[in-house]
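Step one of this worksheet: look at the structure below.
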Amino acid sequence: MVRRLPVYFLLDCSESMAGEPLLAVENGVRETLAHLKKDPHSLETVAVGVIAFAAKAKTLVPLTELYAVRTPSLSLRPGTALGAALDLLRESISQEVVKSTKEVKGDYKPIVMILTDGRPTDDWRGPLARLKALKPSAGSIYGFGCGPEVDFSTLSQVCDVTFHLADLNSESLSKLFQFVTRSVGASVLAPETPISLEKRSLEEQGLTMIDKAAPPQSLEESSRIYVHLTCYNTRKLMLHRYKKDLNSSNYLFDQAFPLPDDFLADGSAGAPSVAGSKLVSPYGTPCPHCENIGWLRCGQCGALTCFDVAHRKPDFFCLSCGNKGEVDYNGIIDEVNGSAG
Ligand SMILES: [Zn+2]
Ligand SMILES: [Zn+2]
């Protein structure tokens, strides 16, 4: 039997990955698989497992021989359950990786690649302790923190080696996956030795290695917040991203993303961490689901929805709480306070 080199990907699919980053990660995995499949040594030894995490952790690809792996499609969910992902990784490794016996050499130690852009929303210390206690060991864990919001003090405790990728866009993520491809390719030739990391090659890929003893301080509060809302016309879900305004305590509208219909299938998204009155208007931004370019806030429950400015429909019915009221149009975000409809 051939000894396999298991490679596990743990991919963050939280709402902060909305839009380009999530597609770029999916493409990156696809290209990594395609490149490795062209290499006969990798084809012979590599087996791949993919775990996605957000509200929950999910196995997208159980450990599978490289030739048979298909690129999984990633789907956005609220939350960043890194702890749940570590627990699922431990279960997967103990069930899927072949252990050595006196007679037979089992699989090589796994390589684990964790890709995240934020901070965990669940307990990760317990799951990490259980993972570290695994015998034989869970192998080497490499962490890739992407973008400006990564909690490196956590990530560098979880991972043996942690990298920072400054930009979270398709170009930088494509380079990151080139680095992953080369690292796995090199490990195939020397599976017992840790991935060799050349400083110059890291810099070329836009990666910086994080000093485990002194990880960069993460921001005390996030500079971005995410608000979920429902389209008034289609009742479909969407996500609004707001960025903190450096000159005030307000958050400025940044971008709107359509959300999949099953976005809340794994759990609720929770309320935004700041008051609705601190969110500065997305006014003029088209709804990703319909032609509306106006936005209304319910004065009773705070829910936002898109609004038909052109026709200035005077009646408002809140999709979240049922509040009915008349729209007092003022061109920004109108707050509709309850009145007996
Ligand atoms: Zn709409
Ligand atoms: Zn309401």
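Both ligands and their constituent atoms are indexed starting at 1 by order of listing.
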Show me the donor-acceptor pairs within less than 3.5 Å that the side chains of residues 134-141 make with the rest of the protein, sequence neighbours left out.
unit_1	atom_1	unit_2	atom_2	d
S137	OG	G139	N	3.0

field: Candidates T71, T181, N27 - the one meeting side chain to side chain donor-acceptor pair (under 3.5 Å) with T32
entry: T181

query: Just wondering, more than 12 heavy atoms not from E171 lying within 6.0 Å of its CD?
result: no

- prompt: Can we say D254 and R224 salt-bridge, meaning some charged N sits less than 4.0 Å from an Asp/Glu carboxylate O?
  reply: no

query: Do you know how many protein N, O or S atoms are within a distance smaller than 2.8 Å of the Zn ion (ligand 2)?
result: 4

task: May I ask you to determine how many protein N/O/S atoms are under 2.8 Å from the Zn ion (ligand 1)?
output: 4

Carboxylate-amine/guanidinium proximity below 4.0 Å for K99 and D107: no

field: Passing candidate, side chain to side chain donor-acceptor pair (under 3.5 Å) with Q255, options R241, H240, K243
entry: R241

field: Presence of salt bridge, K212 and D160, under 4.0 angstrom
entry: no

All N/O donor-acceptor pairs, side-chain side in residues 59-66, below 3.5 Å, sequence neighbours left out:
unit_1	atom_1	unit_2	atom_2	d
T64	OG1	P62	O	2.5
E65	OE2	R4	NH1	3.0

message: Please tell me whether S172 and D167 have a donor and an acceptor in their side chains that are separated by less than 3.5 angstrom.
response: no

